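Letters go in sequence order (proteins before strands), and every chain restarts at 1. The model shown is predicted, which means the values in this text are computed figures rather than measured ones. Values below: every heavy atom of this structure, side chains too, minus hydrogens, waters and symmetry copies.
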Protein chains: 2
Amino acid sequence: MQNKKILIVEDESRMRRLISDYLKKEGYSTLEADNGKKAIDVFEDTNIDLIILDIMLPEYDGWTVCRKIREISSVPIILLTARSEESDELFGFELGADEYITKPFSPKILVARVKTLLKRVYSSSKNILSFNGLLIDDSAHKVFVNDVEIVLTPKEYELLSFLAENPEIALSRETISTKVWGYDYFGDLRTVDTHIKRLRIKLGTQSHFIQTVRGVGYRFEVQK
Amino acid sequence: MQNKKILIVEDESRMRRLISDYLKKEGYSTLEADNGKKAIDVFEDTNIDLIILDIMLPEYDGWTVCRKIREISSVPIILLTARSEESDELFGFELGADEYITKPFSPKILVARVKTLLKRVYSSSKNILSFNGLLIDDSAHKVFVNDVEIVLTPKEYELLSFLAENPEIALSRETISTKVWGYDYFGDLRTVDTHIKRLRIKLGTQSHFIQTVRGVGYRFEVQK
DNA sequence: TATGTTAGACACAAAACTGTCACACTGAGC
DNA sequence: GCTCAGTGTGACAGTTTTGTGTCTAACATA
């Protein structure tokens, strides 16, 4: 649960700093954006685990950002607002926000909600992704195929994790490249293929987890 | 998302009735318990999808019920409390509650939270086109005929998606060609026919979805 | 510095897909 | 029935996409 990446979208730098400090103290890493446009850019280029989103923002308000992000992702979103009107809150939920916190709020409450939300969304309280014949222990950074550990290089591990965290979704080479290599990587997309090849070799009899989606990319497939 | 079973644990019958009415109006079914012991009994005997749990209860308070249920299940829990102390809220989250609502609350807010929580927990918010005997899962880029996956080539998939997204409409070869192959494609219109043929073969017993409209093109027909 | 490992690129091989065409078939109109 | 325009279909070759072996550079390690 540690080391999750949290994007803080807030135009007031003092508030941003405050939230960021509290979260870092809890072991999360944070990214910041001071307007809605930047928020969406950062989100598309990075593998964000949770978003804290202020409503009052320059360049797309929070509602808009929330809606746009919900079109492409189900990442958990916490809305922050100065107003505490019920209709606002209802509107936020309609747009797909997961939590709604009214300013002024206690940082402790915020941290608690972040924790709960991450826990609910990302784990059954463990950092282990377990499939039939394949186990990824993120805490230990170890992977087991048929209960035998296989040793992966960092990139191989990141790639496998990313795939396994998005099961049953056809992922394009571009998406994979952006999320695993980073938004600033402009290398050959076929590099993804090369790493897929290496992963498949190491997965051996369980390579069926990685399916090719012709014309698109790859898909992590759970059922045999 | 409808027809989910919600357990309301609350000792005041008026409040129980109020919540129950609101939820039923939204299409949920409700069960009620007026103390903690009964709540746990009911939960163990029934397939509950969400619990609304008051803190002040005879026979095990809400904290205890929450803890006991968390030992055996990860069902979503919303805590209700008259107090609004921060420490209480934090304690609730520690115990594994998913939401925390302070009385007095607006029933609308409650319903909104129930909805969001259910959606988050039970739906994968996927892009799925579903017909009787045919299912197109766009996220996974998979197609099922009578619950058996069929593997389509990229063009076949695009063509089927386009047809299925425009049901009951006679689509000319030109329209199909423009939308599926792109406006700058100037190949033989009969190519569409060839792909329709291939699709029909793969659809097997469900090929009736694709009807020929003589002199025009094809139509995706939903009813058998 | 020597050695071993990892990452990225690339070319070629292998596999899969696509468009075209010719011919068969169908059905509507006469 | 016959005609004919429109549609169905099988075959095939060219094209596209993916798989894979290998090379080089970067990097870490001792």
>> Using OP1 and OP2 only, check whether a side-chain N or O of Thr194(B) sits under 4.0 Å from dT20(C).
In response: no

> Which atom pair, heavy atoms only, marks the closest approach of Arg219(B) to Ile169(B)?
Replying inline: CG-O, 3.5 Å

> Closer to the 5' end of DNA chain D via nearest nucleotide, is it Arg173(A) or Ile201(A)?
Replying inline: Arg173(A)

> When all nucleic acid strands are considered with a 4.0 Å heavy-atom cut-off, which category describes Tyr185(B): base, sugar-phosphate, or nothing?
Replying inline: sugar-phosphate

>> Side chain of Lys197(A) only, heavy atoms from C-beta on: which candidate in dG6(D), dG21(D), dG8(D) is closest?
In response: dG21(D)

> Would you say Thr191(A) reaches dA9(C)'s phosphate, i.e. side-chain N/O to OP1/OP2 under 4.0 Å?
Replying inline: yes

> Does the distance from a Lys or Arg side-chain N to an Asp or Glu carboxylate O, for Glu168(A) and Lys142(B), drop under 4.0 Å?
Replying inline: yes

> Below 3.5 Å, does any donor atom in the side chain of Arg190(B) face an acceptor in the base of dG8(D), or the other way round?
Replying inline: yes

> Looking at the side chain of Asp188(A), which of dC10(C), dT18(D), dA7(C) is the nearest nucleotide?
Replying inline: dC10(C)

> Under 3.5 Å, side chain of Lys202(A) to main-chain N/O of Val151(A), donor-acceptor pair present?
Replying inline: yes

> dG19(D), dT18(C), dG8(C): which one has an atom nearest the side-chain heavy atoms of Arg198(A)?
Replying inline: dG8(C)

>> I need the CD1-C1' distance between Ile196(B) and dT7(D), as an integer number of Å.
In response: 11 Å

> With a 4.0 Å cut-off on heavy atoms, is Val216(B) in touch with a base, just the backbone sugar-phosphate, or nothing at all?
Replying inline: sugar-phosphate

> Ion pair present between Arg16(A) and Glu32(A), side-chain N to carboxylate O less than 4.0 angstrom?
Replying inline: yes

> Looking at Arg214(B), does any N or O in its side chain come under 4.0 Å of the phosphate oxygens OP1/OP2 on dG27(C)?
Replying inline: no

